[in-house]
Amino acid sequence: MKKNIIKTALIAFVAVLLYNCEDVAFSDDSDINLPASTITEISNETPFVGTEIILKGTNLNYVTNVSVGASEFKIIKQSADNMTVEVPRQIESGPITLFNKYKRKFESIQIIKPQFYPAKVITWPVNIQKGKPFLMIGENLDLIKEVKVNGKVVALFGAASPQKVSYSSAGVEMEIGEFATIEVTPKTGEKQTSPAILVVKPVNTYTPKQTLMISDFDAPFNAVNGDASSPFTHTTIAGEYGKALEVKAASANGWNGVYLKVENDNGGKGYDLSAYNKPHITFLVNTAGGQGYVQPIITAGGKTEDRHFTGAFGYGDDYKINTTNWEWRSYDLEKMGFPVVKGKLDKIGIQFRGGNVNGTPFYIAVDQVMITDGPLNPTIAWNCETPAGSTWNILPNSSSLQGYNQGSNYASLTGVSQGWDNKLGQASWDVKALDPAVYANGIWINFLLNTGNKEGYFQFDFGQGWMHFTKSQGYGDDYKFVPTNNKWVWRSIKLTPGEGDLSKFDPTKAFTMGIQLYGGNLAKGTAMEVNVDSFIFTTAPLDPNLVTD
């Protein structure tokens with residue numbers, strides 16, 4: 001019994017000895033003197049933000065964090081007796097605090113008093129969406145002290161950068177259609193006040209998904225007769241772009257049956273509009289001063305639904321359409337009441353019927369039937385039918401250029417590349433101001449391009465700013481166009497007024513637009529050719545081959 005007691009006591013004693021011999025993590029309250037890091041000298045106590053300073057002291061190789069208040073310095077390099085740090089751009093005056101890996105804290109006697117660069121707004125917003133953030137572009141804009149809109153202080157929206165910054169207009173009293181002013185107070189430098197800025201209706205912006213071509217009537221399509229018993233005819237005719245589909249009847253039959261259907265099932269794959277924001281059916285229509293009617297049809301889950309065009313969509317339709325010439329139309333498919341839009345669709349198409357046209361001549365022609373992610377809102381800039389103060393030749397449609405262009409003519413220029421040394425030709429034309437409310441979701445410039453059997457290049461000139469064609473735009477252009485090999489192709493380019501090359505471009509005011517032919521990145525001495533047609537501003541891309549994601 002005694003042996004067991006003695007044995008147990010020995011085991012407990014040994015366990016205590018072993019425990020006390022183990023390494024123990026030191027707490028902040030430990031009496032052991034862990035290494036502290038100190039600052040004895042600062043190379044510059046009044047540095048400009050964003051510059052580097054040198055700290056001298058002891059045990060600086062152990063430092064893990066350098067700050068003034070909540071502002072952290074970037075550690076560039078460090079050794080035992082000195083370290084180089086970068087002064088943060090967002091910082092106030094105060095002592096420098098060090099923390100090291102032993103959790104020792106040190107606060108300097110010296111006080112850092114930072115100097116700031118003047119903040120300057122170069123580009124004010126072209127409009128302010130009521131209650132929405134607005135963007136300013138300039139220099140050192142992360143060094144702004146305060147911003148007021150109509151005299152009220154507004155809050156920073158997101159993170160500021162030296163080149164651009166956004167502020168919220170939420171809570172500011174302003175009315176749509178009126179004008180507001182922005183006052184900027186920098187941390188150093190002079191205050192700035194904007195010109196009067198138009199307040200517009202707020203919108204939710206998005207990047208449109210890929211435009212889908214349902215039928216351009218140049219590619220093969222299947223026209224299926226409906227159940228109308230009254231006589232009618234249909235044929236392809238010259239449209240605005242290549243061919244169009246014409247349907248006419250000597251005496252329209254009203255609602256007594258459908259004349260004709262044209263549908264597309266995307267090669268049996270159907271269409272998935274699940275990720276689309278605002279799917280619209282968009283097309284060109286012409287009733288040549290008469291009356292006609294067409295309506296969209298969607299098949300989903302094997303069931304076909306049709307919906308109607310009424311005056312609710314802003315075109316004056318009354319279950320019939322009337323135009324003098326070709327007009328672009330866009331209709332919101334969800335607002336039309338289709339039960340399935342943002343989902344998997346088996347087929348999309350159109351059908352022609354008398355509608356509210358009854359007992360009188362029926363005529364309608366349709367071209368370029370598409371699904372666009374949002375309304376098109378087209379503004380035609382130059383249709384290339386007649387010269388535009390131009391050294392470009394206006395030529396009639398040529399069979400040597402494949403595919404379709406717009407109208408009867410196009411603009412053409414040939415030459416020999418001189419690189420960037422000389423401008424070989426230019427054209428320019430005036431464009432009315434683009435309504436900021438209409439184009440609030442973005443501006444696309446679209447045009448038809450054909451480089452013949454050569455190569456070519458030009459740059460846009462927007463009066464207040466010019467723009468080049470680069471690989472980032474989705475076509476592979478590199479300051480020279482990818483050769484089109486005699487084929488007409490679309491270019492749909494998203495414009496960003498107020499940024500980059502377009503920093504001074506304000507489309508909310510009337511402007512002069514032009515194209516300047518340069519050799520660009522084409523080797524000097526290279527024969528070049530550029531044919532263009534149909535320059536149009538829109539809010540969704542016209543090119544159905546452009547993948548916008």
Side-chain angles (χ1 to χ4, degrees), residues 206 208-230 232 234 236 243-247 249 252-285 292-310 312-313 317 319-321 329-357 362 364 366-376 540 544-545 547-549:
Y206 59 89
K209 297 294 182 182
Q210 182 178 3
T211 293
L212 306 174
M213 179 62 74
I214 305 304
S215 184
D216 62 6
F217 303 107
D218 283 76
F221 65 96
N222 187 28
V224 178
N225 285 352
D227 56 356
S229 57
S230 58
F232 72 96
H234 73 275
T236 53
K243 296 177 182 178
L245 178 60
E246 174 192 77
V247 178
N253 68 331
W255 296 102
N256 187 21
V258 171
Y259 296 133
L260 195 71
K261 295 181 181 181
V262 177
E263 297 175 282
N264 192 336
D265 66 357
N266 194 24
K269 296 181 293 184
Y271 299 93
D272 189 351
L273 304 187
S274 300
Y276 281 62
N277 301 276
K278 297 181 179 180
H280 281 60
I281 186 164
T282 295
F283 56 91
L284 278 161
V285 61
Y293 193 54
V294 67
Q295 62 184 132
I297 50 178
I298 290 177
T299 302
K303 183 179 180 181
T304 300
E305 299 268 355
D306 62 56
R307 291 296 184 269
H308 291 285
F309 299 138
T310 69
F313 297 97
D317 303 328
Y319 301 91
K320 60 184 177 184
I321 296 174
R329 299 289 185 92
S330 289
Y331 303 85
D332 190 319
L333 290 172
E334 285 192 298
K335 290 184 177 178
M336 294 188 78
F338 281 101
V340 180
V341 175
K342 291 183 179 179
K344 183 65 185 297
L345 310 178
D346 303 328
K347 293 185 289 187
I348 302 173
I350 54 174
Q351 64 183 19
F352 298 83
R353 66 193 310 175
N356 276 355
V357 185
F362 177 101
I364 192 168
V366 175
D367 191 7
Q368 304 291 303
V369 181
M370 301 180 292
I371 298 297
T372 55
D373 195 5
L376 201 63
N545 295 309
V547 178
T548 56
D549 293 336

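For the single chain, residues carry numbers from 1 onward in sequence order. These numbers come from a predicted model, not from an experiment.
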Less than 4.5 Å apart, side chain to side chain, heavy atoms only: is that true for V262 and V369? no
A side-chain contact here means heavy atoms from C-beta on lying under 4.5 Å apart; do N356 and W255 qualify? yes
Is it the case that the side chain of D265 and the backbone of K347 share a donor-acceptor pair, with hydrogens and angles ignored and the cut-off at 3.5 Å? no
Pair F232, N225 - check side chain to side chain contact (heavy atoms under 4.5 Å, CB included), show working. CA-CA 10 Å; F232 72 96; N225 285 352; 3.7 Å; yes
Minimum heavy-atom distance K243-D367, with the two atoms named: O-OD1, 3.1 Å
To the nearest 0.5 Å, tell me how far T372 OG1 sits from K209 NZ. 14.5 Å
Taking every heavy atom of D216 against every heavy atom of Q368, the minimum-distance pair comes out as CB-NE2, 3.5 Å
Side chain to side chain contact (heavy atoms under 4.5 Å, CB included) between L245 and H234, intermediate numbers included: CA-CA 7 Å; L245 178 60; H234 73 275; 4.2 Å; yes
For L376, is there any backbone N or O sitting under 3.5 Å from a side-chain donor or acceptor partner on S330? yes
So do the side chains of I350 and F283 get within less than 4.5 Å of each other, counting heavy atoms only? no
Atom of V341, atom of F338 and distance for their closest heavy-atom approach: CG2-CB, 3.6 Å
For G292 versus V357, what's the shortest heavy-atom pair and its separation? N-CG2, 4.1 Å
Shortest non-hydrogen contact from N264 to N266? OD1-N, 2.7 Å
Under the criterion side chain to side chain contact (heavy atoms under 4.5 Å, CB included), I'd like the reasoning laid out for F221 against T236: C-alpha separation, chi angles, the key distance, then a yes or no. CA-CA 11 Å; F221 65 96; T236 53; 3.8 Å; yes
For the pair D227 (side chain) and G257 (backbone), establish whether a donor and an acceptor sit closer than 3.5 Å, ignoring hydrogens and angles. no
F362: partners by ring pair (Phe, Tyr, Trp, His ring centres under 6.0 Å), with sequence neighbours left out: Y259
Could you give the distance from CG (L333) to CD1 (I281), rounded to the nearest 0.5 Å? 6.0 Å
Are the side chain of T299 and the backbone N or O of D346 linked by a donor-acceptor pair below 3.5 Å? no
At what distance, to the nearest 0.5 angstrom, does CG of D306 lie from NZ of K261? 8.0 Å
Roughly how far, to the nearest 0.5 Å, is the CG atom of N222 from the OG atom of S215? 10.5 Å
About how many Å separate CD1 of I371 and OH of Y271, when rounded to the nearest 0.5 Å? 8.5 Å
Aromatic rings Y293 and Y319: how do their planes relate, parallel, tilted or perpendicular, breaks at 30° and 60°? tilted
Tell me the closest heavy-atom pair linking P208 and A540, and the distance in Å. CG-CA, 4.3 Å
Q210 side, atom CD; D549 side, atom CG - distance, nearest 0.5 Å: 8.0 Å
Whether the side chain of Q295 engages the backbone of R307 through a donor-acceptor N/O pair (distance < 3.5 Å, no angle test) should be reported. yes
Using a 4.5 Å cut-off on heavy atoms from C-beta on, say whether the side chain of V294 contacts that of I321. yes
For a 4.5 angstrom cut-off between non-hydrogen side-chain atoms, does N256 reach S229? yes
Could you walk me through whether M370 and H280 pass the side chain to side chain contact (heavy atoms under 4.5 Å, CB included) test, one step at a time? CA-CA 8 Å; M370 301 180 292; H280 281 60; over 6 Å; no
